[in-house]
Q: 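Below is one structure. I have some questions about it.
As the structure is a prediction and not an experimental result, all values here were calculated from the model. Chain letters run A, B, ... following the sequence lines, proteins first, then strands; residues in each count from 1. Every heavy atom of this structure was used, including side-chain atoms; hydrogens, water molecules and symmetry mates were not.
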Number of protein chains: 2
Amino acid sequence: MNRAGARKIVRLGREQRVADILGAAREVFCEKGYEAAGVAEIAARLGIVEGTIYKYFDTKRDLLLKVLEHWYEEMFGDYERDLAGVAGARPRLRLLVWRHLRTTRDYPLLCRLMFREVRGEQDYRGSDLHAKNRRYTQYLVQVIEEGVAAGEFRGDIPPVLLRDLVYGGIEHHTWNYICGRGGLDIDRIADQITAVVCEGITLQPMAGQIGREAQRLSRIVDRMERNLSRQARPTK
Amino acid sequence: MNRAGARKIVRLGREQRVADILGAAREVFCEKGYEAAGVAEIAARLGIVEGTIYKYFDTKRDLLLKVLEHWYEEMFGDYERDLAGVAGARPRLRLLVWRHLRTTRDYPLLCRLMFREVRGEQDYRGSDLHAKNRRYTQYLVQVIEEGVAAGEFRGDIPPVLLRDLVYGGIEHHTWNYICGRGGLDIDRIADQITAVVCEGITLQPMAGQIGREAQRLSRIVDRMERNLSRQARPTK
DNA sequence: TTGCGTTAGTGAGTATAACTCACTAAATTA
DNA sequence: TAATTTAGTGAGTTATACTCACTAACGCAA
């Protein structure tokens, strides 16, 4: 029996309650991080008790994974559409890099949860969330493979290595921003990463030399041809 | 007072006890991971009780950081010496990539602790361990800067971005191995990463065309010279 | 050898938070 | 209106990091 002044018990449908819990959990996880977030606090924000949450989610961790899955659903959608509008392996690669940076910029707290609390734990491998992440990063692998098939990219670097360099590199490089320190110029960084991956950092003096040599030869040939035609003219 | 059959209390000096605890903690952390490792178990392996460990270390987490600092001390040392024996920006870059891969291959469990439990937590930033890690990754930044100064590398990519691409990429790419799945061909991967960072993945049809044009011009010049000398001979 | 101060080591106890479960009461149906 | 279902409760259990008042081993001086 409720004491005097105790709140009234509100019964919601399963679907609505699950949605509410996911929303409150997302808030609390983002504000305090996974460890510091208490299941009791998530419950308190909805005016319910801890036990109710365990009616719908097996563990606190299960709740975290479901929150992130929900987020992935939100994000996906327009990936195919965006890619379809861009032609050429290099521009398509840059689009993927840029979109990933934009997601990082717009959802740093959720990225933080994903990187710090989820990826790397035993239960991530094989989870639904893992499957969604694979599908996400697979776009880049596909773009690389298309580039190789079209003769634009070399074929001797495994696409999964490039995927790991890009996503691992972005994760490291944006870590300070994700932790709330500093800004993030996603256009500049997307350009730089695309440039490194596509052209590398080596300056190639040879290319310039070959070009200059070709010009030198061209001038010589031109001169010779003029000479020959001058010599040849009198014989006509 | 010890009960009948209870073990005898052994008193060690502070230094020896600290070393023993660090050793046992490293074992247990590696075997079970940070969360699953119990301070009581670490104590049990040394025949002491939990309280004794808290005499020498503030928290379980402090103990973890000290274990990893100890490991860093072991590793450093010969970095300068190895680098000193290699000339040229590209070979030096490859050495750093290769050495990092070798460390990952040789100490996957400690790497796992470093990546999963330490880096990314609040207390890491500004810690002694953080300082050691910075010093470690700084070698790569320095090699890049030397390469730029020597005219071997382009100067428009921030060295820290390259550092993050390399170390973040390696971390992602070796994650399966670190988790005990599959092998790690460090020579092949070092070659591939160095190749991507230095030359990129774009095939440059222009370079081939310039080369072919130069060859064509060379043949023409040769033919012309033969013609000229044939024409010139009779005049002698 | 004996007495004494220092400190390594003890182990019972505390605090916290995830998780459980027997029960209550609100909604729905017969 | 009675019966049934199930959303919600909240006190209790468990596990473990961490504390603290106390004990006993060692070194040193007389």
Q: To the nearest Å, how far apart are A/Phe57 CZ and D/dA7 C1'?
A: 15 Å
Q: Using the side-chain contact (heavy atoms from CB on, under 4.5 Å) definition, which of the options A/His130, A/Lys132, A/Gln138 pairs with A/Arg134?
A: A/His130
Q: Could you state the atom-to-atom distance from CD1 of A/Ile21 to P of D/dG8 in whole Å?
A: 8 Å
Q: Base, sugar-phosphate, or nothing: which does A/Lys60 touch, judged by heavy atoms less than 4.0 Å apart?
A: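 Answer is sugar-phosphate: A/Lys60 comes under 4.0 Å of backbone atoms only.
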Q: For the side chain of B/Thr52, counting heavy atoms from C-beta on, which of C/dA8, C/dT10, D/dC18 is nearest?
A: C/dT10
Q: Between A/Ile53 (CD1) and D/dG10 (C1'), how many Å, whole number?
A: 14 Å
Q: Given atom CD of A/Glu41 and atom P of C/dA18, what is their separation to the nearest angstrom?
A: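 Rounding to the nearest Å, CD of A/Glu41 and P of C/dA18 are 11 Å apart.
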Q: With a 4.0 Å cut-off on N to O distance, would you call A/Arg61 and A/Glu35 a salt bridge?
A: no
Q: Kindly point out which of D/dG8, D/dC18, C/dG9 is positioned nearest to the side chain of B/Arg11?
A: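 Among the listed nucleotides, the one closest to the side chain of B/Arg11 is C/dG9.
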Q: Measure from CG on B/Leu12 to P on D/dA24 and round the result to the nearest Å.
A: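 Going from CG in B/Leu12 over to P in D/dA24 covers 19 Å.
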Q: Which nucleotide, D/dA17, D/dA7, D/dA25, lies nearest any side-chain atom of B/Val39?
A: D/dA17
Q: Whole angstrom is fine here: how far is it from CG in A/Asp62 over to C1' in C/dC19?
A: 13 Å
Q: Between B/Glu117 and A/Arg116, does at least one N-O distance fall below 4.0 Å, as a salt bridge requires?
A: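 Not counted as a salt bridge, because no side-chain N and carboxylate O are separated by less than 4.0 Å.
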Q: Taking the minimum atom-to-atom distance to the side chain of B/Glu50, which one of D/dT9, D/dC18, D/dA7 wins?
A: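 Side chain of B/Glu50 sits closest to D/dC18.
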Q: For B/Ala37, report the nucleic acid contact type (base, sugar-phosphate, nothing); a contact means any heavy atom under 4.0 Å.
A: sugar-phosphate
Q: Around atom CD of A/Glu74, are there more than 12 heavy atoms from other residues, nucleotides or ligands closer than 6.0 Å?
A: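 Yes.
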Q: Kindly say whether A/Arg99 contributes a backbone atom to a donor-acceptor pair with the side chain of A/Thr103 at under 3.5 angstrom?
A: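 Confirmed, A/Thr103 side chain pairs with A/Arg99 backbone.
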Q: Of all the choices, C/dT20, C/dG11, C/dA8, which nucleotide is nearest to the side chain of B/Tyr56 once you look at every atom?
A: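 Of all the options, the side chain of B/Tyr56 is nearest to C/dA8.
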Q: So which nucleotide from C/dT10, C/dC19, D/dC18 ends up closest to the side chain of A/Tyr54?
A: C/dC19
Q: May I have the distance from B/Glu35 (atom CD) to C/dA18 (atom C1'), rounded to whole angstrom?
A: 13 Å
Q: Round to the nearest Å and state the distance from B/Lys55 atom NZ to D/dA21 atom P.
A: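 In whole Å, D/dA21 P lies 12 Å from B/Lys55 NZ.
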Q: Base, sugar-phosphate, or nothing for B/Ala43, non-hydrogen atoms under 4.0 angstrom?
A: nothing
Q: Identify whether any heavy atom of B/Gly51 sits under 4.0 Å from a base atom; if not, whether one sits that close to sugar-phosphate; answer base, sugar-phosphate or nothing.
A: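 B/Gly51: base contact, heavy atoms under 4.0 Å.
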Q: Please pick, from D/dA7, C/dG9, C/dT10, the nucleotide with the shortest atom-to-atom distance to any side-chain atom of B/Arg17.
A: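 It is C/dG9.
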